[in-house]
Trainee: 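What follows is a single structure, and I will ask about it in a moment.
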Amino acid sequence: MSRPELLARLAQAQAERSQAGLLRRLRRVDEADGVHIVVAGRRLLSFASNDYLGLAQHPRVREALVQAAARWGVGATAAHLLGGHRAGHEELEAALANWTGRERALLFSSGYVANIGVLGALLGADDLCVQDKLNHACLIDGARLSGAVLKRYVHNDVASAQRQLESAPGAAALLATDGVFSMDGDVAPLRELAALCREQGALLHVDDAHGLGVLGPDGAGSLAEAGLDQDAAPVLMATLGKALGTAGAFVAGSAALIDGLVQFARSHIYTTASPPALAAATRVALDIARFESWRRERLRTLIAHLRHGAQQRGLHLLASRTPIQPLLVGASEDALRWANGLEARGCYVPAIRPPTVAAGKARLRITLSALHTESQVEQLLDALAQVAA
Ligand SMILES: *Cc1c(COP(=O)(O)O)cnc(C)c1O
């Protein structure tokens, strides 16, 4: 019997990726202290985290985790439907629904599985799933797993989205988009997409992983900023591991949506509930994110500072008003060389290369946190000017 050997094939694929200079490398971080990390014995100023509001190590968030762990222990011990659904989970769900102006919310253990669960619950074979070309991988994977026909449209191009919806006028349809694009930092044309969905009878699903806590009144996200309520944007998903500084995700919307997900979202049903102490910590992080608006103001100031300084130095950042401020480099080797150059100068900024982004679009993904200072941004700008010279 001669079959292809799976492990040999995997090793071959890795060798090819290595030859193309596209090998991904795990870096061990030995310490994290605000915007600093220690890697290979060196303390680096990090512009890599999604902890936009600086809550991951906030004393009150830590304290909430410790207190709740003392009371509840660590594991939830079971799936939500089988005894794992604790008071802290439900309190957090209510607070998330209230913050985002939705009727209800449902927790998932991560954003990746939330999208898989929602798309799987809503879509089946013969349905149409229309997605932005630059959507996060888990939206794409969710559509694939659902068996629906997946059609992608040109990034942020509403006319292109319309053409894709019109390609199957009789099919039940869902349009999914990132609110803020994770590798580009730009914001989707949400009002136009919502109008298109209304016109076409399609369901709008917005992944606001990078918008929650950052955009909109009280940080309620990109949908709140666009003034789109639950009727206009019925499916809102966001993560807790970015601006909220903890981990997990949720979907918010009507009671009918949430009730349906409890029944049919397999990635919510067939998995252990996340630790109750994590929900308690997130509950505290939510209030800080929501009510300490100075953190968003700090971010705006730092973003303006970075963009102004980049322009003065002839560095071309992509058009973005969010804390994700990518510097387009182009060739993968150059992006890697620049990232290494920055590291030698004490700054950690990851190079993002294909297949995460399109070929020829390698970049440095710079992210800002409310904890950065102007002089740290200056340090980055000077280092960038040197490596780009
Ligand atoms: C990070 C991210 C996810 C995945 O969320 P996790 O909680 O990290 O699994 C989903 N969508 C977008 C747009 C993201 O940036």
Side-chain angles (χ1 to χ4, degrees), residues 24 26 48-53 55-56 89 92-93 96 100 105-120 129 131-146 150 152 155-156 174-190 193 204-216 221-223 225 233 235-252 265-268 271-275 278-279 281-282 285-286 289 318 320 322-326 350 352 355-357 363 365-369:
R24 301 167 195 233
L26 279 172
S49 101
N50 301 316
D51 183 22
Y52 306 123
L53 301 177
L55 301 184
H89 293 129
L92 176 59
E93 287 172 341
L96 288 165
T100 55
L106 187 71
L107 291 173
F108 287 78
S109 358
S110 80
Y112 196 105
V113 305
N115 278 333
I116 301 248
V118 176
L119 295 179
C129 185
Q131 297 209 17
D132 190 290
K133 193 98 188 161
L134 297 190
N135 272 357
H136 193 269
C138 60
L139 283 169
I140 305 296
D141 292 356
R144 285 185 184 150
L145 262 176
S146 77
L150 171 61
R152 301 172 77 177
H155 178 52
N156 278 348
L174 180 147
L175 185 151
T177 182
D178 285 14
V180 174
F181 288 86
S182 53
M183 296 299 141
D184 291 66
D186 55 347
V187 181
L190 293 168
L193 289 172
L204 178 61
H205 171 127
V206 175
D207 174 340
D208 209 23
H210 298 278
L212 187 76
V214 171
L215 298 179
S222 59
L223 287 172
E225 184 186 65
V235 187
L236 160 60
M237 171 273 175
T239 62
L240 308 172
K242 281 150 188 165
L244 289 185
T246 62
F250 69 96
V251 175
R266 295 168 61 86
S267 66
H268 178 264
T271 195
T272 302
S274 61
L278 191 56
T282 306
L286 185 158
L318 296 184
S320 161
T322 69
I324 303 168
Q325 293 287 324
I352 309 290
T356 302
V357 293
R363 67 200 62 186
R365 181 177 183 267
I366 301 164
T367 53
L368 292 173
S369 158

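Below, all heavy atoms of this structure are taken into account, side chains as well, without hydrogens, waters or symmetry copies. Counting convention: from 1, in listed order, for ligands and their atoms alike.
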Trainee: Would a distance-only check, ignoring hydrogens and angles, find a side-chain to backbone donor-acceptor pair under 3.5 Å from D208 to G221?
Mentor: no
Trainee: Test your reading of the structure: does T239 have an N or O sitting under 3.5 Å from an N or O of ligand 1?
Mentor: no
Trainee: Could you list the atoms of ligand 1 found under 4.0 angstrom from a heavy atom of G111?
Mentor: 4 (C), 5 (O), 6 (P), 7 (O), 9 (O)
Trainee: May I ask you to list the atoms of ligand 1 that are less than 4.0 angstrom from any heavy atom of H210?
Mentor: 14 (C), 15 (O)
Trainee: Would you say the side-chain atoms of R152 pair up with the backbone N or O of I140, donor to acceptor, closer than 3.5 Å?
Mentor: no
Trainee: Just distances here: any N/O of N115 and N/O of ligand 1 closer than 3.5 Å?
Mentor: no
Trainee: Between T367 and S49, is there a donor-acceptor pair closer than 3.5 Å when you use the side chain of the first and the backbone of the second?
Mentor: yes
Trainee: Any sub-3.5 Å donor-acceptor pair from H89's side-chain atoms to S274's backbone N or O?
Mentor: yes
Trainee: Can you sort out which atoms of ligand 1 are near S110, meaning under 4.0 Å from one of its heavy atoms?
Mentor: 7 (O), 9 (O)
Trainee: Under a 4.0 angstrom heavy-atom cut-off, which atoms of ligand 1 come close to S182?
Mentor: 15 (O)
Trainee: Report the nearest protein non-hydrogen atom to atom 2 (C) of ligand 1: residue, atom name, distance rounded to 0.1 Å.
Mentor: K242 NZ, 2.3 Å
Trainee: Taking D51 for the side chain and L55 for the main chain, is one N or O donor matched with an acceptor at less than 3.5 Å?
Mentor: yes
Trainee: Checking contacts here: is it the side chain or the backbone of A249 that comes within 4.0 Å of ligand 1, counting heavy atoms only? Could be both or neither.
Mentor: neither
Trainee: Could you tell me, atom by atom, which parts of ligand 1 come under 4.0 Å of a heavy atom of Y112?
Mentor: 4 (C), 5 (O), 6 (P), 9 (O)
Trainee: Mind checking whether C138 has a heavy atom under 4.0 Å from ligand 1?
Mentor: yes
Trainee: Below the 3.5 angstrom mark, is there an N/O of D207, backbone or side chain, next to an N/O of ligand 1?
Mentor: yes
Trainee: Quick check: does D178 get an N/O under 3.5 Å from an N/O on ligand 1?
Mentor: no
Trainee: Please step through ring pair (Phe, Tyr, Trp, His ring centres under 6.0 Å) for the pair F181 and H155, ending with a clear verdict.
Mentor: CA-CA 10 Å; F181 288 86; H155 178 52; 4.5 Å; yes
Trainee: Would you check if the side chain of R266 reaches a backbone N or O of T271 as a donor-acceptor pair within less than 3.5 Å?
Mentor: no
Trainee: Consider only side-chain N and O atoms of D207 and N115, and report whether a donor and an acceptor are under 3.5 Å apart.
Mentor: yes
